Every structure is written in C-alpha cells, then in structure tokens.
Amino acid sequence: MFLSPESLLQLLQRFIKNSIQIKQIHSLLIISGNLLPNPNPNTNSSTFKWIPTLLYNTLIRAYLNIHLPHTTLLLFTHMLSHNIPPNPHTFPSLTKATVAAYTTPSLIAKPLYTQALKRGVLSDPFVQTSFIHLYAKSNCLSYAQKVFDEMPEPCLVSCNAMLDGFCKNGDMDSAVSFFESMPVRDVYSWTTIINGYNKRGCYDTAIRFFQRCLRDCSVKANEATFVSVLSACVHSVTFGKQIHGYIIKNEDQVTPFIGTSLIYLYGKTGHLDYATKVFESMLKKETCTWNAMICALSSHGKDKQALEMFDKMKIEGYHPNEVTFVGILAACSNCNLIDLGLELFDSMLPQFGVVPKMEHYGCVVDLLGRSGFLAEAKDFISRMPFEADASVLGALLGACKLHGDIDLGNEVAKRLLEVDPQQCGQYIVLSSIYADVENWGHAAFLRNVMVGVGVHKPPGYSVVNSM
DNA sequence: TTAGGGTTAG
C-alpha cells in the first residue's frame with residue numbers, strides 16, 4: 001500500500017493526540033523515506049518543498065501532545081541533520097518541549113535561540129513570545145525582557161508572557177507596574193497577576209486584584225482565575241465561600257479544577273463537611289480531585305477513610321499519580337500501617353508507573369521511623385537510588401528524637417550538616433534530642449555550630465511545639 | 001505551506 005506524504009500528514013493531523021497512532025505513523029514516515037529531503041530537486045514544486053518541514057513540525061507537535069518532550073527535541077536534531085529547514089512554526093513547540101523536559105531549561109534555551117536567530121525567524125511574534133516564556137522559565141528574566149523590548153509592537157499575548165515572566169521570577173514591583181501600564185488586559189493578564197501575588201504569599205493583594213477583575217466588565221473570570229483566587233483564600237475562608245457562591249451562580253458547572261481547589265481550600269481551613277459536599281456533588285472528577293479529598297481526610301485525622309478513598313478511586317477507574325502516593329503514604333504513617341505503606345510504596349512503579357521521588361522516600365522513612373524501626377529506616381535510606389535530602393534525613397532525625405536514639409541522631413545530624421547547613425529547624429530538633437536526655441553540653445555545642453554557620457533560631461520558635 | 005505563542009490543582 002502506498003501512502004503519499006500528504007495522506008500521511010493528514011493522518012498525523014487527525015491523530016495528533018493519540019500516542020499509539022502517532023508512533024505508527026512516525027514509523028510509516030521513516031520507512032517511506034518521507035522524513036528525508038527530496039532526492040530529486042527537479043520535482044520541487046513550492047508546495048512539495050515544504051512538505052518535509054511540515055511533516056517534522058506536525059510530528060514534533062504530536063510528541064509534545066503525548067508528553068514525550070525529549071522525543072520532540074530529538075526530532076529537531078534529526079530534522080537539522082537531514083537538512084530539513086525549520087521555519088517559524090517549528091520553534092514554539094521546541095520551547096514548550098524544553099520547558100517540559102528540563103528542570104534547568106536555560107541550558108537549552110540559549111542554543112535554541114541561536115538556532116532561531118540563524119534561521120531568521122526571530123521577527124515572528126509567535127517565536128518571540130515563545131522565547132519570552134522560555135527565558136522567563138529559565139530564570140533568565142533579562143533575556144526575556146530583551147526579546148520583549150525588541151518587539152516593535154508587542155501584542156497582548158506577548159505582554160502577558162512578559163508579565164508572567166516578572167511574576168514567575170518574583171519581581172512583583174516590575175510585574176505590577178507593567179500590568180498597570182498595559183493598554184489592554186484580558187483574563188490571562190488578570191489571572192497571571194493574581195497568581196503572581198499568590199505565589200509570593202501576598203494573598204490579600206491577590207484577592208484585591210480578583211475583586212478589581214470582577215469589576216472590569218470587559219473580562220470574564222475563567223477556571224484558571226477561580227483556581228488562583230481560591231488558593232489565596234486559605235486565610236479568609238469567608239471570602240472563599242463567597243467565591244464558591246459566585247461560581248455556583250455564574251458558571252455552568254463546577255469543573256474538576258475548580259472543584260479540586262474548593263476541596264483543598266475547605267480541607268485546609270477545617271471545613272471537612274464542605275469539602276465532602278463539593279466532592280460528592282462534582283459530576284466530573286480528575287485524579288487531582290481524589291488527591292484533594294484524600295489530603296482533606298488525612299489532615300482531619302480520618303486516615304482510614306483516606307485509604308478507603310484510594311481504593312474507591314481505583315475502582316472508579318482513576319489513575320493514582322505521585323501526589324496520590326504522598327497522601328496515602330502519609331495516611332499509612334499516621335495509622336502506623338507499616339506493611340500496607342511498604343506494599344503501596346513497592347507497587348508505585350510496577351503497578352501504577354509512578355516513579356518514587358524524594359517526598360515518597362521521606363514518607364517511608366517517616367512511616368518506619370515513627371514506629372521505632374530506626375535501623376530499617378536507615379537501611380532504607382542507604383538503598384535509595386539518589387542522595388537523601390534534608391527532608392528525608394529530617395524525617396529520620398525526628399524519629400530519633402521520638403525514640404531517644406542519640407547515637408543515630410548524631411550520625412544523621414552530621415549528614416544533615418553536610419547536605420543542608422542552613423536548615424534551621426533541623427538543628428533545633430537535633431539540639432532538643434540532647435536537651436531531652438539532659439546532655440546539655442552537646443545541645444550547647446550544636447547551638448554554637450548553628451551560630452557559626454549563620455543559622456539563628458527564629459524568635460518564638462518552640463522546640464516542644466515543633467515536634 | 002496553515003502545523004505554532006500567554007493564566008490554573010500538592
């Protein structure tokens with residue numbers, strides 16, 4: 001069966017979000033030689049000449065859609081090595097893939113920008129906005145600003161990307177003056193500034209911007225706006241309830257994200273009854289909705305119910321993710337369900353495809369340590385596939401304090417000193433271990449070490465309460 | 001050429 005490049009392209013566009021089909025079409029494209037430059041330049045019509053670029057761009061976007069950003073970037077290197085010229089449409093997918101694939105995207109951002117410069121596509125507003133976004137995510141705010149300043153007439157989308165850049169880098173002074181100077185604002189602008197203040201912990205300011213947003217008749221708050229403002233309401237649940245009322249009155253339905261935010265809000269503010277009501281009334285749920293409910297139950301001491309919720313979510317066909325496991329491992333820890341906790345931890349990767357991260361290891365150390373299995377916890381840490389950080393060591397140190405194991409506590413403390421000398425709280429826990437057994441000399445010594453490395457006990461911090 | 005840019009859950 002012969003499939004023309006045009007028909008393969010159509011197939012790809014049709015199945016651009018379907019993992020299996022994308023890989024099958026990719027194979028067909030490789031076998032048919034369509035990802036290579038046209039061997040006969042005489043047949044190059046203007047349309048045909050662009051087909052390999054179009055195919056690569058579509059394939060690059062397809063792999064991004066199915067959450068394989070490394071493959072997207074790899075395809076770009078194939079594209080270059082086969083001398084298929086990228087065009088302005090190529091780069092936005094690449095910048096997105098870079099953000100998705102790397103925790104420090106700056107390593108890729110600069111060479112990618114050089115490629116865009118070399119290909120002469122940097123005057124395209126889509127490409128410019130993409131790089132503003134990428135540089136902002138790479139902690140290269142000055143580069144983002146430079147790209148923005150080079151735009152002769154920045155559009156609203158570019159302004160929003162720049163605004164988000166200021167917010168993401170914590171520069172709220174620049175963000176707010178930029179926001180106030182914008183000639184036009186849309187729901188993205190408002191949500192971005194609200195979220196920016198939120199992330200800095202300036203919840204009251206975030207709420208004030210939301211109120212201003214509601215007064216702006218040209219803008220209608222959307223799901224993202226509500227999600228942002230609801231997380232600002234942890235200190236003013238009354239306002240959160242008002243927003244909840246506003247949502248019920250003005251929105252067609254409580255979406256999975258809005259519902260999740262409401263459950264977290266009510267869970268964090270001690271309104272488990274409201275959280276449950278929201279959860280039960282939601283027509284459409286997501287994994288995150290179940291996570292929120294599991295956390296809400298667990299934080300109210302209803303760990304057994306949280307674990308039942310985990311079973312229920314599986315029965316209803318939801319796929320647990322890494323957040324789910326943090327919640328249920330913590331619930332096991334609270335109930336001293338060691339066997340179940342270890343069994344769940346062991347099932348993460350083989351059964352659910354969730355790779356255990358630092359926080360999951362921390363949960364297991366807490367689980368073992370709290371019940372007095374200190375040697376097992378220590379052994380568990382030694383078998384970790386990466387170096388334990390201060391949170392994991394801190395969990396073990398807390399357990400040493402709980403069970404009065406000074407020798408192990410001392411050993412862990414030494415490692416903590418190496419890993420994170422600025423972790424003030426951990427030193428305080430440590431010094432309280434010695435204080436508990438009236439080993440005041442050691443306690444005094446450690447306090448001196450803290451002062452030596454510039455760590456100060458925060459005023460009003462109580463060792464007893466911290467435990 | 002018609003594939004591409006900005007906001008949201010722990």
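Letters A, B, ... are given to chains in the order of the sequence lines, protein chains preceding strands, and every chain is numbered from 1. Predicted model, so just to flag it, every value in this text is computed and none were measured.
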query: Between the side chains of Tyr56(A) and His78(A), does any donor sit under 3.5 Å from an acceptor?
result: no

- prompt: Which part of the nucleic acid, if any, lies within contact of Lys357(A), taking any heavy atom under 4.0 Å across all strands shown: a base, the sugar-phosphate backbone alone, or nothing?
  reply: nothing

field: Whole-Å gap separating P (dT7(B)) and CG (Leu156(A))
entry: 13 Å

query: Is the phosphate of dG5(B), meaning OP1 or OP2, less than 4.0 Å from a side-chain N or O of Lys96(A)?
result: yes

field: Closest nucleotide among dG10(B), dG5(B), dT1(B) to the Pro92(A) side chain
entry: dG5(B)

- prompt: Can you tell which of dG10(B), dG5(B), dG4(B) lies closest to the side chain of Glu322(A)?
  reply: dG10(B)

message: Closest approach to the side chain of Leu54(A), judged atom by atom: which nucleotide of dG5(B), dG10(B), dA3(B) is it?
response: dA3(B)

message: Heavy atoms only, 4.0 Å cut-off, all strands: where does Val127(A) land among base, sugar-phosphate and nothing?
response: base

Per His89(A) side chain, nearest of listed nucleotides dA9(B), dT1(B), dG4(B): dG4(B)

query: Backbone N or O of Leu396(A) within a donor-acceptor pair of the Asp366(A) side chain at under 3.5 Å?
result: no

query: Would you say dT8(B) has OP1 or OP2 under 4.0 Å from some side-chain N or O of Lys168(A)?
result: yes

message: For a quick check, tell me whether the side chain of Ser158(A) and the base of dG5(B) share a donor-acceptor pair closer than 3.5 Å.
response: yes

Between dA9(B) (P) and His244(A) (NE2): distance, integer Å: 18 Å

- prompt: Phe179(A) CZ to dT7(B) C1': how many Å, rounded?
  reply: 12 Å

message: Is it true that Thr192(A) and Asn195(A) share a donor-acceptor pair across their side chains at a distance under 3.5 Å?
response: no

- request: Just compare dA3(B), dG5(B), dT8(B) and give me whichever is closest to any side-chain atom of Pro125(A).
  value: dG5(B)

task: Indicate, yes or no, whether a donor-acceptor pair under 3.5 Å links the base of dG4(B) to the side chain of Asn87(A).
output: no

- prompt: To the nearest Å, how far apart are Tyr113(A) OH and dG5(B) P?
  reply: 19 Å

message: Holding to salt bridge (charged side-chain N to carboxylate O under 4.0 Å, His left out), I want the full list of residues that pass it with Lys110(A), two or more places apart in sequence or in another chain.
response: none

field: Value in whole Å for how far the P atom of dA9(B) lies from CZ of Phe257(A)
entry: 8 Å

From dA9(B), dG4(B), dT7(B), nucleotide with atom closest to Ser261(A) side chain: dA9(B)

query: Has the side chain of Thr129(A) got a donor or acceptor atom sitting under 3.5 Å from an opposite partner on the base of dG5(B)?
result: yes

- request: Kindly say if Arg61(A) contacts the phosphate of dG5(B), meaning a side-chain N or O under 4.0 Å from OP1 or OP2.
  value: yes

- prompt: From dA3(B), dA9(B), dT8(B), pick the nucleotide closest to the side chain of Glu223(A)?
  reply: dT8(B)

message: Is the base of dT7(B) stacked against the aromatic ring of Tyr188(A), taking ring centres under 5.5 Å apart and planes under 30° as the test?
response: no

Carboxylate-amine/guanidinium proximity below 4.0 Å for Glu180(A) and Arg185(A): yes

- line: In whole angstroms, the gap separating P of dT1(B) from CD1 of Ile60(A) amounts to 20 Å

field: Separation of atom CG in Asn222(A) from atom C1' in dA9(B), rounded to whole Å
entry: 14 Å

message: Check the phosphate of dG10(B) against Asn291(A), side-chain N and O only, distance under 4.0 Å to OP1 or OP2. Yes or no?
response: no

- prompt: Do Glu251(A) and Lys249(A) meet the salt-bridge criterion of a basic N to acidic O distance under 4.0 Å?
  reply: no

- prompt: What do you reckon, are the aromatic ring centroids of Tyr63(A) and His26(A) less than 6.0 Å apart?
  reply: yes

task: Go through dG4(B), dG5(B), dT8(B) for me and flag the one nearest to the Asn195(A) side chain.
output: dT8(B)

- prompt: Between Ile243(A) (CD1) and dT8(B) (P), how many Å, whole number?
  reply: 17 Å

Thr191(A) side chain, from C-beta outward: closest of dT7(B), dG10(B), dT2(B): dT7(B)

statement: Val227(A) has its side chain closest, among dA9(B), dA3(B), dG5(B), to dA9(B)

- request: Using a heavy-atom cut-off of under 4.0 Å over every strand shown, decide if Cys295(A) touches base, sugar-phosphate, or nothing.
  value: nothing

message: Between Lys199(A) and dT8(B), is there a contact of a side-chain N or O with OP1 or OP2 at under 4.0 Å?
response: no

